[in-house]
*Asks:* 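Dropping the structure in here first, questions after.
Scope of the values below: all heavy atoms of this structure, side chains included, with no hydrogens, waters or symmetry mates. Model, not experiment: these values are computed from the prediction.
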Amino acid sequence: MKEFISKLLNGMSIGVVVALIPNALLGEILKLLIPHFPPLQHLLDITVFTMSLLPVLIGVMVGISFKLTPIQTASVGIASMVGSGVIIKTAEGVMTLNGIGIVLNIGITAALTVLFVQFLGDKLKAYAILLMPTLSILIPGMAGYLLLPYMQQSTGFLGQIVDQITTLQPVLMGAIIAMIFCIIILLPISTVGVATVIMLSGIGAGAANLGIVAAGVGLAITSYKANSLGTALAHVLGSPKIQMKNFLMKPKIAIPMLVTAAVLGALAGVLNIQGTPYSAGFGLSGLVGPLNYMNLAEGGWNARNVTVMLSTFLVLPILLNIGLIYVFSRKLKMIKPEDYKLNFD
């Protein structure tokens, strides 16, 4: 069972990175350039569309992790799309793609489909190419689709908890929300989904964003020795969610980041760092968080706001994480670089 979960989470992590990184790297930059070169709008639209392909990419990556055949792998991909919640049918009957879906349900659907195609094995013989994709949609795909409303409710319930926390004193609220989002970004749950369900905004959104920054920066630093520089940077430029497997296997690896998140979240309350429901779930990806803070801050791009932005979104996350990683690795011996090893082969 442990090996099965490990392979599942590894495939999900890779799928998340592949689907989300193009928009994370290019999104905000393209928005700045489009007014001067309108054809770039198409490129921006493509990166957004790619994000909605997350369920298929997760399914395919999970299939590869389990070393399934090409037909089996493709079947996991399409079944994952069925159970994702990405596909929306409008009142006019038009099928559209909306968002990235419910990541937790995508993983469950992918797991069910892997078990299903493994059960079938080579029983279908020459008819596999005809029947396996169809049966995968009908059985595990539909099972995932039937589970979807319950998974959506769980996201909504988590959102309600966060919403209640926003009624607390700003500094305490900021610290708690930052820690919650630091954890959520490492789970098969969409931070953007939680933030948008309750329309998290203001200081709450700023704190949530800094919680994700704490996770991304900290994991990039502590995983550098175990991974390549590019993989380390993917935690910041892409998503810390690539450490989902390691976090679920060893939750203690996130302790330094959680402490950092608490400090940064409290500072969000002190310094009035704000955000929007959209920016709350992104951290440093595409510079969405810091740019939204600058756009919302009173006075705009003045010296004070730039200093606050650089300090809270870059300097302090680096310094706090370095200090805490040193304490928890060298002094307390609780974590080690190998805990953060990622295998994308």
*Asks:* For the residue pair L219 and L186, establish whether any side-chain heavy-atom pair is separated by less than 4.5 Å.
*Replies:* yes

*Asks:* Do you see a donor-acceptor pair shorter than 3.5 Å between the side chains of T231 and S228?
*Replies:* yes

*Asks:* Does K123 make a cation-pi contact with F119 (under 6.0 Å, within 45 degrees of the axis)?
*Replies:* yes

*Asks:* Evaluate the side-chain proximity of V217 to I221: yes if any heavy-atom separation is below 4.5 Å, no if none is.
*Replies:* yes

*Asks:* Got a donor-acceptor contact below 3.5 angstrom from the N227 side chain to the S223 backbone?
*Replies:* yes

*Asks:* Quick one: pull up NZ in K125 and CG in L131 and give me the separation to the nearest 0.5 Å.
*Replies:* 13.0 Å

*Asks:* Does a side-chain heavy-atom distance below 4.5 Å link Y150 with I102?
*Replies:* no

*Asks:* Identify which one of T222, L284, L342 satisfies the side-chain contact (heavy atoms from CB on, under 4.5 Å) criterion when paired with H235.
*Replies:*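 Considering T222, L284, L342, a side-chain contact (heavy atoms from CB on, under 4.5 Å) with H235 is found only for L342.
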
*Asks:* For a quick check under 3.5 Å, do K245 and S6 share a side-chain donor-acceptor pair by atom type?
*Replies:*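 There is such a pair (donor and acceptor under 3.5 Å, judged by atom type) between the side chains of K245 and S6.
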
*Asks:* Side-chain contact test, heavy atoms from C-beta onward, threshold under 4.5 Å: evaluate it for F116 versus L120 and give yes or no.
*Replies:*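 Yes, their side chains come closer than 4.5 Å.
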
*Asks:* Take V263 and L316 through the test side-chain contact (heavy atoms from CB on, under 4.5 Å) and record every step on the way to the result.
*Replies:* CA-CA 9 Å; V263 175; L316 284 175; over 6 Å; no

*Asks:* Do V270 and V171 have side chains that approach each other closer than 4.5 Å (heavy atoms only, starting at C-beta)?
*Replies:* yes

*Asks:* Under 3.5 Å, which donor-acceptor pairs link side chains of residues 74-87 to any protein atom two or more places apart or in another chain?
*Replies:*
unit_1	atom_1	unit_2	atom_2	d
S75	OG	I71	O	2.8
S80	OG	V76	O	2.7
S84	OG	M81	O	2.7
S84	OG	V86	N	3.1

*Asks:* Would you mind reporting whether M12 and M61 have side-chain heavy atoms less than 4.5 Å apart?
*Replies:* no

*Asks:* Any side-chain to backbone donor/acceptor pair from N246 onto Q243? Under 3.5 Å, distance only.
*Replies:* no

*Asks:* Counting C-beta onward and ignoring hydrogens, is there a side-chain heavy-atom pair between L320 and L264 closer than 4.5 Å?
*Replies:* yes

*Asks:* Tell me yes or no: between the side chains of N302 and N305, is some donor less than 3.5 Å from an acceptor?
*Replies:* yes

*Asks:* Please confirm whether the backbone N or O of D339 pairs with a side-chain atom of K250, one donor and one acceptor, at under 3.5 Å?
*Replies:* no

*Asks:* Could you check whether Y224 and Y340 have their ring centres less than 6.0 Å apart?
*Replies:* no

